[in-house]
Amino acid sequence: MDVPLAAERTIEGNEQYLRVWAQGGPTRVEAPIDPYCYAREPFGHEPLRQREVTRRPLSTLDEETWVRAEFANVRELADAAHARSEDEVAEAHIPFVHRVLLDRPDYYRRFPNGELSSLHVDIEQRTTGSGFPDEDAPIVSIAWAGDDEAPTSVVDPADERAVLEAFLGALEVHDPDVLAGYNVARYDLPRLRARLQAHDLDETPLHREGGRIEEARWGKGQRVVGRLLYDVYDKVRADQTLIGIKDRSLETVAEWHGLDVLEADVTNTVKLAEEGRLARYNENDVELSRQIGQPYLANDVELADFYGAPLQTIAEATASFHARTLQGRIFVEESVISDGTNEQRFPDLYEQTGGEGFVGGIVEIYRRGLFRPVTLVDFASMYPSILVALGAGADNTRYEGTVREGGFEAHRKADTLTLRVPDPNRGTRHEVSIEGRSPLAEELGELLAYRLELKQKARADEGGSQDTSRQGMIKVILNSVYGVMASRHARYASLPVAMAIVGTARHLIQEVEDLLGEAKIETDTDGVYAEGRIDPDPIEAHVNRVLAEEIGAEPVLSVDADPFEAGWFHEGKNYLLLHEDGRIERHGVAFKGSSRAPLFDAALDEVARARLEDREDVDEIASQALDLSRYDREDFVMRVRLGKDPDAYEATNHVAAQVARAAQRRGREVSQGDQIPYVKTEGGYDVAWPGAFDELDEDYYLELLTKLLDRLGIEARPADQRSLAEYL
DNA sequence: TCCGGGAGCGC
DNA sequence: AGGCGCTCCCGGA
């Protein structure tokens with residue numbers, strides 16, 4: 001790894017320093033730049049120095065005179081900026097470690113960490129059959145695994161001190177850069193520290209000499225300075241490709257990936273230890289966490305190398321990091337300064353239509369039911385490709401106001417491309433102008449080309465695991481830039497860029513629809529499902545012609561065609577697909593969901609196949625699926641995630657609120673973010689405790705299945721039902 | 001029957 | 001502190 005593990009800012013005396021962690025220890029260096037911001041009027045005596053400069057504020061992109069003020073340290077900068085009103089200062093909100101990353105893109109590369117070492121860890125506390133252990137429960141077992149090493153564990157329910165000392169010893173031997181685990185930031189690390197303290201043992205090996213452990217922000221548990229604490233659970237939670245999975249526990253995610261899961265009842269670790277099974281179980285968990293976490297870590301290392309950023313910065317970054325960094329570096333080069341968030345620059349747009357800044361992609365269903373075969377005609381990386389085609393970036397794209405209603409229009413005059421983008425929600429058109437080509441477009445263009453190269457290598461089976469990580473890294477960047485451009489809180493972003501992208505996308509997908517004519521079935525943003533087999537080449541040629549000749553943009557779009565054996569189309573975004581290899585894919589909340597009871601999935605599995613294969617006996621299969629006696633008790637368990645704390649619900653009788661209250665009645669503490677398993681009983685919603693299964697609401701579950709069958713065009717005929725109580 | 005809050009999905 | 005579009009479920013008017 002050619003970048004450091006971590007960097008933080010420190011002030012000593014009155015001087016600004018950076019403390020950079022690499023190769024096992026910290027280096028303190030004088031900050032390579034003085035912290036600075038811009039102001040419309042000069043400050044008093046607070047800055048070290050200040051001078052008038054010409055800059056282009058993001059709100060107009062026109063040249064203006066601003067005062068650039070440099071300070072001894074970030075504290076003095078913050079104090080001076082806070083004394084001014086928000087619209088009189090610019091660039092005062094940038095964290096200093098990031099400021100250096102923008103102004104000196106290669107600075108952190110002076111501190112390469114070299115090869116990265118990691119240690120995965122998992123602890124087990126003492127339990128005797130009564131649920132989750134509290135903070136005082138002794139640690140009876142710890143398992144760990146270094147890189148390419150088989151997991152090791154130490155188990156001793158009778159001697160906690162020995163267990164802890166063995167692990168501290170392993171930490172000192174491995175001295176890992178990365179301390180990783182599943183929920184390590186909220187569970188393993190805090191509990192380890194509490195138990196080390198109880199035994200009066202020194203916790204330094206956890207964070208290295210010169211480091212420390214502190215509370216992380218946003219309720220993310222703890223963070224470590226000195227090593228990188230890498231919580232695989234956080235990565236899994238943020239992973240959008242796992243949507244539809246029932247929960248994100250280690251076991252469920254491992255099964256999802258097809259890993260070998262060793263199951264055990266951890267509510268009684270004492271018994272597990274007596275049976276001699278605790279060590280293997282503990283080691284299995286570490287192994288699973290390592291296998292799940294490895295690709296995320298590899299992606300983050302690639303990103304860190306790409307940006308020249310400390311690994312910890314990347315590991316803790318949100319989606320906005322990419323646009324912020326790419327666009328922020330361009331701002332420095334192009335003399336652009338950020339004078340506010342999107343919302344501050346476009347208050348009217350964010351206040352209208354319920355706070356939606358602009359209109360999104362086209363979603364429309366034209367025909368419903370079964371089609372055999374079908375083809376998805378879609379654009380590859382549509383939004384980033386359009387950004388590249390238009391040459392748009394926050395640094396060269398202006399909002400010119402609204403013009404009278406009409407269709408999408410584009411015209412080029414000399415170096416400036418002007419778009420008129422229809423906004424059906426507001427019954428108007430937005431005019432957006434793009435001057436020249438933004439370096440952001442050139443940069444994303446290179447990433448798109450590089451990704452294509454990596455994909456081709458993978459298709460030819462020449463790619464290695466680093467190529468896979470690089471491809472994943474590029475995908476993360478490409479997917480996040482557009483979203484951040486429209487984010488109301490973003491300071492290095494531009495709502496008009498998002499408008500230009502979506503407006504062009506809506507126009508181009510309509511061109512594709514027109515070419516497909518009667519064959520089109522359903523459209524969603526960047527793709528159209530159509531009946532029959534479709535050749536994408538003439539479509540790609542057409543849309544690129546439109547781009548080049550009608551719009552005056554670069555013809556860089558590529559159009560793919562994915563063939564399917566069959567498709568069942570229910571509503572926009574809600575459909576079933578039969579792959580040519582026999583796999584069935586479900587889309588949309590009508591057909592899948594983490595909240596759904598497993599009997600819903602089981603019934604759909606059978607009926608969907610019969611439907612897609614157009615079998616004669618689909619009605620019979622459907623009526624069998626309605627026989628509730630075929631299902632086990634856990635098949636009736638649904639789940640809901642609390643979007644708010646229990647008493648914060650405005651709709652006090654919303655399912656989530658009712659389930660939360662039921663959980664509280666049963667003595668469980670619940671809060672925002674919790675996912676609670678529940679069932680529907682004769683008496684209402686209840687948590688899935690054993691007694692609840694004795695009074696399941698049969699009509700409710702039958703109705704659930706009947707509605708599902710209805711979506712598949714099947715008139716359900718429930719067979720005679722025995723009472724659930726007879727067989728559950 | 002209609003409307004909205006809320007969850008969860010698609011892209 | 002990435003975006004908007006859409007369906008489904010439920011309860012209240």
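Lettering of chains follows the sequences in order, A, B, ..., and the numbering in each one begins at 1.
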Is there a stack between A:His489 and C:dA1, judged by ring centres under 5.5 Å and planes under 30°?
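A:His489 ring centre within cut-off of C:dA1 base, planes near parallel; stacks.
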Is any N or O donor-acceptor pair between the side chain of A:Gln240 and the base of C:dG2 shorter than 3.5 Å?
yes
Nearest listed nucleotide, side chain of [X], among [options]:
X        : options              : answer
A:Thr525 : B:dC11, B:dC9, B:dG5 : B:dC11
A:Tyr482 : C:dG3, C:dC6, C:dC10 : C:dG3
A:Arg711 : C:dG5, C:dC8, C:dG12 : C:dC8
A:Ser595 : B:dG8, C:dT7, C:dG3  : B:dG8
A:Val655 : B:dC9, C:dC10, C:dC4 : C:dC10
A:Lys707 : C:dC10, C:dG2, B:dG6 : C:dC10
A:His570 : B:dG8, C:dC8, B:dC11 : C:dC8
A:Asn653 : B:dG6, C:dG11, C:dG5 : C:dG11

Aromatic plane relationship, A:Tyr685 with A:Tyr700 - under 30° parallel, 30 to 60° tilted, over 60° perpendicular:
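Perpendicular, since the angle between the ring planes exceeds 60°.
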Report the relative orientation of the aromatic rings in A:Phe569 and A:Tyr575; use parallel for angles under 30°, tilted for 30 to 60°, perpendicular for over 60°.
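Aromatic pair A:Phe569/A:Tyr575 classed parallel.
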Rounded to the nearest angstrom, tell me the gap between atom [atom1] in [X] and atom [atom2] in [N].
X        : N      : atom1 : atom2 : answer
A:Tyr383 : C:dG5  : OH    : C1'   : 10 Å
A:Tyr685 : C:dC10 : OH    : P     : 4 Å
A:Phe591 : C:dC8  : CZ    : C1'   : 12 Å
A:Ile386 : C:dG3  : CD1   : C1'   : 15 Å
A:Glu650 : C:dA13 : CD    : C1'   : 15 Å
A:Lys680 : C:dC8  : NZ    : P     : 20 Å

